[in-house]
Protein chains: 2
Amino acid sequence: MPLDERKKQVLHAIVDDYVSTNDPVGSKALIERHNFNVSSATLRNDMAELEKLGYIEKPHTSAGRIPSDRGYREYVDSLMTVERLTDEEQEEIKSRIDTSIDEVTDLIKNATQTLSETTGFVSLSMSPRLRKSFLTQLKILMIEPGKALVLMVLSAGVVKDKIVRIPSYVTDEQIIKISSSIEKHLTGKPLDEITLITVESSVDNIEIPQPLLKQVIYEAYSAIKQADELNIYLEGEHRMLELPDFSTMGRARELLGTLSDSSMVAGYVNEIAGDDTPNDGSYMIRIGQEITLNGLEDCSFITATYNLTDSISGNIGIIGPKRMEYSKVISQIDFVTTTLNENIKKLN
Amino acid sequence: MPLDERKKQVLHAIVDDYVSTNDPVGSKALIERHNFNVSSATLRNDMAELEKLGYIEKPHTSAGRIPSDRGYREYVDSLMTVERLTDEEQEEIKSRIDTSIDEVTDLIKNATQTLSETTGFVSLSMSPRLRKSFLTQLKILMIEPGKALVLMVLSAGVVKDKIVRIPSYVTDEQIIKISSSIEKHLTGKPLDEITLITVESSVDNIEIPQPLLKQVIYEAYSAIKQADELNIYLEGEHRMLELPDFSTMGRARELLGTLSDSSMVAGYVNEIAGDDTPNDGSYMIRIGQEITLNGLEDCSFITATYNLTDSISGNIGIIGPKRMEYSKVISQIDFVTTTLNENIKKLN
DNA sequence: ATTAGCACTCGAACTCTTGGAGTGCTAAAT
DNA sequence: ATTTAGCACTCCAAGAGTTCGAGTGCTAAT
């Protein structure tokens, strides 16, 4: 049974009021603050109904109501309207984003910081998933005997490198040979199509002792694979302590404890980013219990997608209390992401 | 007036008890827990004296005493004895340190994490100060038109690189020329002796248009300078929330807020690392108000020095509550640092 | 379907009380 | 000159009790 118009308004109002006051909202307060042309008793009936349907709940018998996860979900999906930021707000964000940065990763970091500052929440960004990008250059450079640098340039203009250990008697010439041979065969290949076998077969007819060759190749391969790893960057954890929602030590502790395990968070973000294909290419939301990470039951995740190229993208977003101004936060994320994308384009 | 023997013992006992119980300690409790062969009244007199001298203080009239910053300082400087860790504790630490890591920065990170885990406090490491290290290789590699990678290998075996923008009409050959010319002249020079002028003069007689050359050189120079920047790595901030010392939101907020500004912390650590020349090459301590960072009035800093080479070193240490088991923590830091140094050596 | 009225609930905030651990001081003992 | 026993005093922490107000659900009337 779909909600009738007034019930929708009531739910909308409850979410708005609760978000702004942080107090459970009661029927009387609702009447005072909004122009329902009915009495509080009527609202009480509506609220009882909304509770039965699972949209709102009461912390205890004689308190007002607060939105449940489902209530927030309904609000986000069908009730709210996302407004554009005002010109001032846009200006504010733009001014914080440093346009002089010329390395993509720094650019993304900068946008992430901006996001945390403007929302007041934890922000995060995930490195682009590079499995679809392809190698444009691969060089192995001798650093000193026993130590080499594998340097890769990927299609997105991303540069990755890794120091690898090699047998100390491998010579400069041998490395150069191996390097150019691998490069010749692998250039243009997507990262996820490169396997140990591909790498090995790319150096077929080189007159270098097998075991030695094997080891160098293995190191080169693992360097390539490492370039494909997920990287997450979290920013502004301490801001969570400012929020009344986490003003009890227990909650705060659990939350920051979980966030400190960044690879766990990364895994989760990656998961939800894969789940939804963002409808209009915009944002994905997870609310409260929908989040499977420990200690984030009172949080919401909102992530958007930024693009390095048409096919290579990463995520940027926030983790905030589920009691947040979704409309505003979404438009902030949206604007930051848009600005970020523009700046990335300018770099190419 | 130096403290007489019993007063020293009293102060020692007060610090020990307060650290382990987190309760202000009174004369009776002291008698109960320690073998002073005097009455509580005598201890009361001693305590009054110690208070007059500024070693201890009372939170309020009818509470026990707690050590003042000065009291901790006395304890650390002259009272405590640093014990070796037990074999089990050493084993514990060793097992957490991953010996298979083969990149120095990862090694340091790993040691820092271990330090936070074993102490339960925030740990930190500062990248080595590289100004004294010298260039062993410098290459500029073309990535794509308009984009190049400056790659530096420093004497300590450290590899640094930076993507730089260059005019898009600079050709591969030109870059190679510039690169090898800079490398030839700069190899062997300590970082802090490299100025823009040095770099410029190293490419004196190259037949490349001046303005273009200038820009490439400037970028190369700034890449070199960037390699010399201080980098700090902080780990385990969330653990501070577990401590009773920061169980009030206000303190916790302020603390984490300050720690979130890592460049500020870096600046401070650098400062104190420069202040003291560690006597026996071991650790430096700052207690309570001695720390000039906001919100760290109830903390102590302990840092030690790790060495990449004889002349190149960085810092590793912890930030914990000033109410900590100094003796134990110091030996933990000491052991982690020793282990780290050993592992670094193994890499060379 | 809506509303007025009413009895009932429950937590937040306050006050009050009590108990215990601590102190400083004084006067006697060593 | 130290040390100690004794005592009056202080003050916080914790628990118990009280009050207050915003909320609720239900019923009967509109």
Side-chain angles (χ1 to χ4, degrees), chain A residues 1-11 13-15 17-18 20-68 71 244-245 247-248, chain B residues 1 3-11 13-15 17-18 20-68 71 244-245 247-249:
Chain A
M1 156 186 48
L3 296 176
D4 67 45
E5 196 50 38
R6 196 184 55 219
K7 292 214 184 61
K8 281 187 189 171
Q9 284 173 26
V10 172
L11 180 53
I14 289 176
V15 173
D17 283 12
Y18 182 61
S20 62
T21 65
N22 194 23
D23 282 325
V25 5
S27 51
K28 277 217 188 97
L30 222 41
I31 292 282
E32 273 169 31
R33 284 192 283 248
H34 303 266
N35 293 322
F36 294 105
N37 290 316
V38 292
S39 76
S40 67
T42 308
L43 253 38
R44 270 203 292 289
N45 290 333
D46 286 353
M47 287 161 82
E49 186 74 13
L50 283 170
E51 183 173 5
K52 201 172 299 169
L53 296 172
Y55 292 110
I56 56 180
E57 49 197 31
K58 20 180 202 224
H60 50 262
T61 326
S62 80
R65 305 303 215 292
I66 62 175
S68 65
D245 310 72
S247 65
T248 61
Chain B
M1 159 184 49
L3 296 177
D4 67 47
E5 196 48 40
R6 197 183 55 220
K7 292 212 183 65
K8 280 187 188 171
Q9 283 174 26
V10 172
L11 179 53
I14 290 176
V15 173
D17 283 11
Y18 181 60
S20 63
T21 65
N22 195 21
D23 281 327
V25 3
S27 50
K28 278 216 189 101
L30 222 40
I31 292 282
E32 274 169 31
R33 283 192 284 247
H34 303 266
N35 292 323
F36 294 105
N37 289 316
V38 292
S39 77
S40 67
T42 309
L43 253 39
R44 272 204 291 288
N45 290 334
D46 286 354
M47 288 161 81
E49 186 73 13
L50 284 169
E51 184 173 5
K52 203 173 295 167
L53 295 171
Y55 292 110
I56 57 181
E57 49 197 30
K58 21 179 199 220
H60 52 262
T61 328
S62 80
R65 305 301 215 295
I66 62 175
S68 65
D245 310 73
S247 64
T248 61
M249 264 299 162

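Residue numbers start from 1 in every chain, and the chains themselves are labelled A, B, ... in the order their sequence lines are given, proteins ahead of strands.
Scored by the salt bridge (charged side-chain N to carboxylate O under 4.0 Å, His left out) test, B:Asp23 finds no partners at all (sequence neighbours excluded). For A:Asn22, the side-chain hydrogen bond (donor to acceptor under 3.5 Å, both in side chains) partners at least two apart in sequence or on another chain are A:Arg323. Applying the side-chain hydrogen bond (donor to acceptor under 3.5 Å, both in side chains) test to B:Asp4 and every residue at least two apart in sequence or in another chain returns B:Lys7. Not a single salt bridge (charged side-chain N to carboxylate O under 4.0 Å, His left out) links A:Lys8 to another residue, sequence neighbours left out.
Rounded to an integer number of Å, the gap from CG of B:Asp17 to C1' of C:dG22 is 15 Å. To the nearest angstrom, C1' of C:dA21 lies 15 Å from CD1 of B:Ile31. To the nearest angstrom, C1' of D:dT2 lies 15 Å from CG of B:Asn37. Note: CD (B:Glu49) to C1' (D:dT2) measures 13 Å, nearest angstrom.
Among residues at least two apart or in separate chains, side-chain hydrogen bond (donor to acceptor under 3.5 Å, both in side chains) pairs with a member in residues 25-39 of chain A are A:Asp17-A:Arg33, A:Asp17-A:His34, A:Ser27-A:Arg44, A:Ser39-A:Thr42. Pairs passing the side-chain hydrogen bond (donor to acceptor under 3.5 Å, both in side chains) check and including a residue from residues 57-66 of chain A, sequence neighbours excluded, read A:Glu51-A:Arg65.
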(Q) Each nucleotide in nucleotides 10-30 of chain D should get exactly one letter: B, S or -. Can you fill that in based on protein heavy atoms under 4.0 Å? (A) BBS----------SBB-----
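Side-chain atoms of B:Leu3 and B:Val10, non-hydrogen and from C-beta on, never get closer than 4.5 Å to each other. Two residues are said to be in side-chain contact when any heavy atoms from C-beta on lie closer than 4.5 Å; A:Tyr18 and A:Ile56 fail this criterion.
A heavy atom lying under 4.0 Å from DNA chain C marks none of the residues of residues 4-11 of chain B.
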